[in-house]
Trainee: 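Below is the structure I would like to discuss, written out as structure tokens.
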Amino acid sequence: MTGQTPALRLEGIVKTFPGVRALDGVSFSVMPGEVHALMGENGAGKSTLMKVLGGIYQPDAGQILIEEAPTVMASPLEAKAKGVVFIHQELSLADELSVAENVYLGELPRKSFGRVDWDRLYADTERILDRLKVGFTPQTLVGDLSIANKQMVEIARALTVDAKAVIFDEPTASLTDAEKDVLFEVIADLKARNVGIIYISHRMEEIFRITDRVSVLRDGQHTGTAITADTNEEAVTQMMIGRKLDLSRNVAHHELGDVALEVRNLSCGHLYKDVSFKIRRGEVVGFYGLVGAGRTEIAETLFGLRDPSAGQILLDGQALRITSPTDAIERGISLVPEDRKGQGLVLGMNCRDNMTLPQVDDLKAGPFVAEGAEVAIFDQYRDRLDIRTPGWKQLVGNLSGGNQQKIVIGKWLSMHPNVLIVDEPTRGIDVGSKSEIHNLIRDLAAQGYAVIVISSEMPEVLHVADRIYALFQGRITREFTSEDVTEDSLVRAISGLADNGGAQVA
Amino acid sequence: MAQLTKSDIGGFLARQGILVAFAVFIIGFTLANPRFLDPDNIMGVIRSSAILGVMALGVTFVVISGNLDLSVGSMMSFSTIVVLDLHDKLGPTLAIPAMFAMTLCLGALIGFLVGYLKLNSLIVTLGMLSAIHGLTLTYSGGKNMDIADKEGTWFSVFGQGDALGIPVPILLFVLLAAFLGIVLAKTPFGRKVYAVGGNGVAATFSGIRRARVVFTCYLASAFCVATAGLLQASRSMGSQNTVGQGLELEVLAAVILGGASLLGGSGTIFKTVIGVLMLGFIQNGLLLVGLQFYVQYVVTWVIIILAVWLDIAAKRGTLWSPIA
């Protein structure tokens, strides 16, 4: 790689916003045919840097060089025209149009009188799809595709131009393992064609699997670049957060209490069938399975959002029917939902009001909300959970993902629930906050809470759970204790494979 | 960057546009007709804004909860006609509670459809605009309604009387605004209205009974409409079937002008009162500079467009953006 011209180089980029120096002299380069990881905690400046590169922000100082030629990126369109292409985390496709129309959106090939040249459109798209080795045709409606395939359409869109650099922003956030493999093949293909690739991700195993170099940002500064093969997870993490991270397994060192919640033969249509499990006070139980295995649906049933078609739910030994979230909350079942922004928080409300929302009817002084009591609750849980915010008046939408998640957790802890269900507790949260949330979950168990952790990240369930239920296609396939679990057997259990490498169960 | 650039000015207009526009209006009107700032004129504007204002208070609840209410104009016609009719049949003491009960039933119906059945509030209330108009005409047989003995009743006190030297409509408007303002800002119910409008799903996930909150907002709106109908009937002691026609749009204009977002979750009663007064002064100013009253209809539309535009512009800090 040395001696070559970088495909893309950023030189001393500075960008300030009122009160914040978001980027402080960041320099960074990608060689042709290199996969360069860009890491950093949320708020470290990754998004700002990418927005500067994409022409959405103009830098206050510094320059962008494409193949060593200084360039000004005036708009996202110009960035694309100059060969800098983004694959966004949030997909921007039109569901009602075909794959081909999406790939060439805004630049459909034309015949006379402005008519679309469908033959050429489909042929061109076909050529690109062949390169990606996907299983759908140019005529397929995008709305019918899975998320992974939609992402392939985004990538196909990037391939319509002669890309010099392609930026992937958290591309695997919603992909299954098999889908990831396909994506990595595509990246390898781009690499072989001498395209420079910037790969933004929080997931360490991916970084070490596919990247050549790693650059880390912290607080708007470039803290270092390392050759991936010469470094390790711990070193990168330390660059990111400036301290060491504990990823060892965690098990209960305290006495477990009574069974808090028991579920017997619970079914809900075709979503999940015949599910039985129990959880004791002081225990963290993990629910591990692929997306669609029925994990979230079980949680939603316990929280009163779905009616089970059969089976029993027992709380402290008492069978009960839970008909609404209000009902569940009254009985001490709390849910930290999967979609933090969509289900967990009212983003336009301040921190305090979000935290006390479920108990606002109980916090009264006469007919009014007892705001003093609310502030006291907020202060208590801000300190206990180490929520970093200038004050309770801050809108929740302005906090980082980790702090937002702590607000949701605080919301339920302040009501002292019997059972706390946490669905994907660290999705989209940076490494530092991640381990804080893991420790928090362990602490809660130590204090006698019964906690259910639903996750699709294996290191997470291995790290926090005392027992793990593996789910596959709506059924619990196996139960593991933290002593007998191995990564291999866990993967088999959630893929419907027998433990000894034998035939598929379903 | 000592010089003001085009985008700086755009950003300022985006954030403070409504105030800037209002200041321009006031200065323009005062220059055109100095009588505009006359205390009598100001009092007149406030007085004539009271009926619209009372309706806007209720609609504020509905809008903050993330819904619309386009039925308030024709519902106000209904209340006015009903109370005038019942006045002569039952006497004012019974007519007023009976009219309130009937109006609240209409509010409950809308609240049920939008809250519990989760039907789109635009369609439901637009339909109700037409349906209630039909109901009113059926009730009155299409005739205007008049109180027979205008001198022999105390009914005129709401629209024409004074208390503590203040016209009763203004007093009622202020009292109702204060009461509902406190409900919205200080009570658990008010908090839930903001939560439901800000993110209904998250509100449900926090154990808030969303349908009940929306239902109650429409009841509040109907209560305000009934009060406005009472003021209207008492002021004129007789009325056409179409007295409230078109008010739904003016009410909405006032609420948005005050700064409530049509997406729900933001706005206050105080801001709505400001919006009502701004709208009142603009309409009054147009009359004083010599424009015909029907110009107001166009101006109301312009104000709505301006307010909605500036609302989204304020959020992103620029007047125009290529991405939504």
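Letters go in sequence order (proteins before strands), and every chain restarts at 1.
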Trainee: Mind checking the CE-OG spacing from M415(A) to S206(B)? Nearest 0.5 Å is all I need.
Mentor: 9.5 Å
Trainee: Quick check on I329(A) against chain B: is it the side chain, the backbone, both or neither that has a heavy atom closer than 4.5 Å?
Mentor: side chain
Trainee: Which atoms of Q359(A) are under 4.5 Å from chain B, going by heavy atoms: the side chain, the backbone, both sets, or neither?
Mentor: neither
Trainee: If you take all heavy atoms of V369(A) and P188(B), which pair is closest and at what distance?
Mentor: CG2-N, 3.3 Å
Trainee: Highest number of heavy-atom pairs under 4.5 Å with chain B: which of G342(A), P367(A), G344(A)?
Mentor: G342(A)
Trainee: Using heavy-atom distances under 4.5 Å, tell me whether L363(A) contacts chain B through its side chain, its backbone, both, or neither.
Mentor: neither
Trainee: As an exercise: rank G200(B), A195(B), S266(B) by heavy-atom pairs under 4.5 Å with chain A and give me the winner.
Mentor: A195(B)
Trainee: Do the non-hydrogen side-chain atoms of T356(A) and R191(B) ever get within less than 4.5 Å of each other?
Mentor: yes
Trainee: Hey, does the side chain of N199(B) reach the backbone of L347(A) with a donor-acceptor pair shorter than 3.5 angstrom?
Mentor: no
Trainee: Can you tell if the side chain of L357(A) reaches within under 4.5 Å of the side chain of I208(B), non-hydrogen atoms only?
Mentor: yes
Trainee: Kindly give the heavy-atom pair with the smallest separation between E371(A) and A185(B), and that separation in Å.
Mentor: OE2-O, 4.4 Å
Trainee: Do I182(B) and F368(A) come close enough that some side-chain heavy atom pair is under 4.5 Å?
Mentor: yes
Trainee: When you compare the side chain of L335(A) with that of F205(B), does any pair of heavy atoms fall below 4.5 Å?
Mentor: yes
Trainee: Side chain, backbone, both or neither: which part of K341(A) has an atom under 4.5 Å from a heavy atom of chain B?
Mentor: backbone
